[in-house]
Amino acid sequence: MDKQELEITIDTNGKVSIKVAGAKGGQCLDITKPIEEALGEVKVREMTPEYYEQPAEPFKVRSNQR
């Protein structure tokens, strides 16, 4: 699994910005969901290019038994 980082910024007016790095596809929404629910309404959501990338496939074990 790739390393994922959150950058949370609160400006002087109380506006909160959350930036996710290292999460591909919809993983960023899963990561920020609990924070968004705690803070309230999301006013603006901007997707990074990583959002449109496919997440890596989980490791699969293949059996050669017949």
Side-chain angles (χ1 to χ4, degrees):
M1 174 180 268
D2 293 333
K3 182 178 178 182
Q4 300 162 340
E5 294 184 14
L6 287 177
E7 178 182 309
I8 301 172
T9 306
I10 304 171
D11 71 13
T12 56
N13 295 321
K15 178 183 170 188
V16 178
S17 300
I18 304 170
K19 182 176 181 180
V20 180
K24 296 182 181 188
Q27 292 175 331
C28 58
L29 299 176
D30 295 336
I31 293 168
T32 59
K33 184 177 179 180
I35 299 169
E36 292 174 359
E37 289 176 351
L39 294 175
E41 179 185 1
V42 175
K43 302 239 180 195
V44 177
R45 186 183 307 274
E46 297 176 9
M47 303 306 188
T48 65
E50 286 181 306
Y51 176 79
Y52 300 100
E53 295 178 21
Q54 293 294 320
E57 290 285 326
F59 182 74
K60 295 179 182 177
V61 176
R62 190 171 76 190
S63 174
N64 290 330
Q65 295 178 350
R66 293 182 183 194

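We use all heavy atoms of the structure for the numbers below, so side chains are in, but hydrogens, waters and symmetry mates are not. Because the structure is a prediction, the values reported are computed rather than measured.
Judged by distance alone, with hydrogens and angles left aside, the side-chain atoms of Q27 form a donor-acceptor pair with the main-chain N or O of K24 at under 3.5 Å. Checked by atom type and distance alone, the side chain of N13 never pairs as donor or acceptor with a backbone atom of K15 at under 3.5 Å.
Counting all heavy atoms, side chain and backbone alike, A23 lies closest to C28 at CB-N, 3.9 Å.
The hydrophobic cluster containing I10 also includes L6, I8, V16, I18, V20, I31, I35, L39, under a criterion of side-chain heavy atoms closer than 4.5 Å among ILVMFWY residues, counted directly or through chains of members.
For the atom pair CE (M47) and CG (L29), the distance works out to 4.5 Å, reported to the nearest 0.5 Å.
Residues T9 and K19 fail the side-chain proximity criterion, which asks for heavy atoms closer than 4.5 Å.
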